[in-house]
A.B. asks: 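Have a look at this one.
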Amino acid sequence: KIANCLSSLDGLITAQSEKLDALKTHKKGLMQRLFPRVGETVPRLRFPEFRGAGAWSDKVLDDLVDVVDGDRGSNYPKADEFQQSGFCLFLNAKNVTKNGFRFGECQFVTKEKDEVLRKGKLKRNDIILTTRGTIGQFAYFSKDVPFENIRINSGMVILRSKSKKLVTDYLYAFSKSEQLGCQINNMAFGNAQQQLTVAGIKKLSIYCPEIEEQQKIADCLSSLDGLIA
């Protein structure tokens, strides 16, 4: 009886694992078709209502978002100023991964320290990009993130939308595309520790359809993310 009970659970676990792997593979393949390949301006797959809409626009990132650097001045927190809990989450390299935010190991600063720092505080719908060490990782400060006050560290920048022609959810989806990944890898410099510059980030090319198609793509991929989660 015990063996049958545990064997049944093993079967469920295996089935769920196979389903998860299948969803991840499906999403990866879908992304390769929903976004244009390197050197192209039209994706291989479009939703039926957009198939006659023409080529996508090639935009420079600087036209769509403000690239906000962190505060690196004399007020930058010292090691003994970080706490295990507190007013403002101060992001570290482990918090921004290839799959977005991860809050397993967090460090915080006080409200007083937060108030003396000039730049680098997040607003809802900001996107974070890592620029030193493990570069090219993105995370999205959506309404689902359980912290209100967050700051980036000196190895990150904030991408803050400034254009009505850009859906932030779409930009986050595009951030995981092969097209943008190739650009970032080609731009990186440094041997011991790779880096990206703000000037270089501003020159990144972002391929954008019209707003309605952007939202459709973002909703589709977000739905898959929900199933995977």
Side-chain angles (χ1 to χ4, degrees), residues 13 16-28 30-31 65 67-72 76-79 81-110 113-114 117 119-161 167-178 180-181 183-185 188 190 193-196 201 204 218-229:
I13 291 168
Q16 287 292 336
S17 297
E18 290 173 351
K19 183 179 179 181
L20 178 60
D21 289 342
L23 280 169
K24 288 180 176 179
T25 300
H26 175 59
K27 182 188 174 186
K28 183 178 179 180
L30 193 59
M31 286 188 65
V65 306
V67 181
V68 182
D69 209 348
D71 192 329
R72 306 185 186 204
Y76 192 85
K78 299 176 178 60
E81 293 181 292
F82 291 119
Q83 306 169 350
Q84 291 185 331
S85 62
F87 175 76
C88 181
L89 174 65
F90 202 92
L91 294 173
N92 63 63
K94 294 180 179 179
N95 295 143
V96 181
T97 76
K98 65 180 181 180
N99 296 314
F101 278 125
R102 180 180 296 162
F103 298 118
E105 297 181 32
C106 295
Q107 57 188 15
F108 296 82
V109 294
T110 64
K113 171 56 71 172
D114 173 61
L117 292 167
K119 300 187 299 178
K121 187 154 187 183
L122 273 64
K123 298 179 181 179
R124 289 289 176 182
N125 296 319
D126 282 347
I127 294 173
I128 297 89
L129 165 61
T130 56
T131 59
R132 192 173 66 236
T134 305
I135 61 166
Q137 312 276 51
F138 291 85
Y140 184 24
F141 187 32
S142 69
K143 59 181 174 55
D144 299 321
V145 175
F147 299 98
E148 284 301 321
N149 297 285
I150 305 180
R151 283 189 172 276
I152 58 172
N153 71 9
S154 58
M156 306 171 185
V157 295
I158 297 169
L159 307 181
R160 182 169 292 156
S161 177
V167 175
T168 310
D169 292 42
Y170 171 81
L171 177 60
Y172 183 56
F174 188 84
S175 73
K176 301 179 183 302
S177 69
E178 182 180 348
L180 191 60
Q183 292 183 64
I184 288 173
N185 290 335
Q193 188 177 62
Q194 288 201 306
Q195 298 184 51
L196 302 173
I201 292 167
L204 290 170
D219 289 345
C220 171
L221 295 176
S222 177
S223 176
L224 276 175
D225 285 337
L227 287 171
I228 288 169

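It should be emphasised that the depicted structure is a prediction, and the values quoted were computed from it without experimental measurement.
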A.B. asks: For Asn95 and Phe103, which heavy atoms make the closest approach, and how far apart are they?
C.D. replies: ND2-CA, 4.2 Å
A.B. asks: Roughly how far, to the nearest 0.5 Å, is OG1 of Thr130 from NZ of Lys98?
C.D. replies: 13.0 Å
A.B. asks: What pair of heavy atoms forms the shortest contact from Ser161 to Val65, and how long is it?
C.D. replies: CA-CG1, 4.0 Å
A.B. asks: How long is the span from the CG atom in Leu224 to the CG atom in Leu30, to the nearest 0.5 Å?
C.D. replies: 6.5 Å
A.B. asks: Tell me if a side-chain donor or acceptor on Ser17 pairs with a main-chain N or O of Ile13 at a distance below 3.5 Å.
C.D. replies: yes
A.B. asks: Distance alone, cut at 3.5 Å: any donor-acceptor contact between the side chains of Tyr140 and Asp126?
C.D. replies: no
A.B. asks: Look only at the side chain of Tyr76 and the backbone of Ser154, and say whether a donor-acceptor pair between them is shorter than 3.5 Å.
C.D. replies: yes
A.B. asks: Between Ile128 and Ile150, is there a side-chain heavy-atom distance shorter than 4.5 Å?
C.D. replies: no
A.B. asks: When rounded to the nearest 0.5 angstrom, what distance separates CZ in Phe138 from CG in Asn99?
C.D. replies: 13.5 Å
A.B. asks: Closer than 3.5 angstrom, by distance alone: can the side chain of Ser175 be matched with the main-chain N or O of Tyr172 as a donor-acceptor pair?
C.D. replies: yes
A.B. asks: Could you check whether any side-chain heavy atom of Val96 comes within less than 4.5 Å of a side-chain heavy atom of Ile152, counting everything from C-beta outward?
C.D. replies: no
A.B. asks: Might you point out which heavy atoms bring Leu129 and Gly136 nearest each other, and give the distance in Å?
C.D. replies: CD1-CA, 3.7 Å
A.B. asks: Within a reach of under 6.0 Å around CD of Glu178, are more than 12 heavy atoms found that belong to other residues, nucleotides or ligands?
C.D. replies: no
A.B. asks: With heavy-atom distances below 4.5 Å as the criterion, would you say the side chains of Lys121 and Asp71 are in contact?
C.D. replies: no
A.B. asks: Please verify the inter-ring angle class for Phe101 with Phe141; under 30° counts as parallel, over 60° as perpendicular, anything in between as tilted.
C.D. replies: perpendicular
A.B. asks: Would you mind reporting whether Leu122 and Phe147 have side-chain heavy atoms less than 4.5 Å apart?
C.D. replies: no
A.B. asks: Measuring from atom CG of Leu221 to atom OH of Tyr170, what distance do you get when rounded to the nearest 0.5 angstrom?
C.D. replies: 10.0 Å
A.B. asks: Show the nearest heavy-atom pair for residues Arg160 and Val68, with the distance to one decimal.
C.D. replies: NH1-CG2, 4.2 Å
A.B. asks: Walk me through it: do Lys27 and Asp225 pass the test side chain to side chain contact (heavy atoms under 4.5 Å, CB included)?
C.D. replies: CA-CA 8 Å; Lys27 182 188 174 186; Asp225 285 337; 2.5 Å; yes
A.B. asks: When you look at Lys94 and Arg102, which way does the side chain to side chain contact (heavy atoms under 4.5 Å, CB included) test go after all the steps?
C.D. replies: CA-CA 7 Å; Lys94 294 180 179 179; Arg102 180 180 296 162; over 6 Å; no
A.B. asks: Does Lys119 have more than 12 heavy atoms from other residues, nucleotides or ligands lying within 6.0 Å of its NZ?
C.D. replies: yes
A.B. asks: Kindly give the heavy-atom pair with the smallest separation between Asp169 and Ala218, and that separation in Å.
C.D. replies: CB-CB, 3.6 Å
A.B. asks: What distance do Lys113 atom NZ and Glu81 atom CD have between them, rounded to the nearest 0.5 Å?
C.D. replies: 4.0 Å
A.B. asks: If you measure from OG1 on Thr168 to CG on Asn125, what distance do you get to the nearest 0.5 Å?
C.D. replies: 5.0 Å
A.B. asks: Has Arg124 got more than 12 heavy atoms of other residues, nucleotides or ligands less than 6.0 Å from its CZ?
C.D. replies: yes
A.B. asks: If we only count heavy atoms from C-beta on, is the Ile127 to Ile158 side-chain gap below 4.5 Å?
C.D. replies: no
A.B. asks: Any side-chain heavy atom of Cys88 sitting closer than 4.5 Å to one from Leu117?
C.D. replies: no
A.B. asks: Got more than 12 heavy atoms from elsewhere within 6.0 Å of CD, Gln84?
C.D. replies: no
A.B. asks: Identify the two heavy atoms, one from Asn153 and one from Asn92, that lie closest to each other, and give their separation to 0.1 Å.
C.D. replies: ND2-CA, 3.7 Å
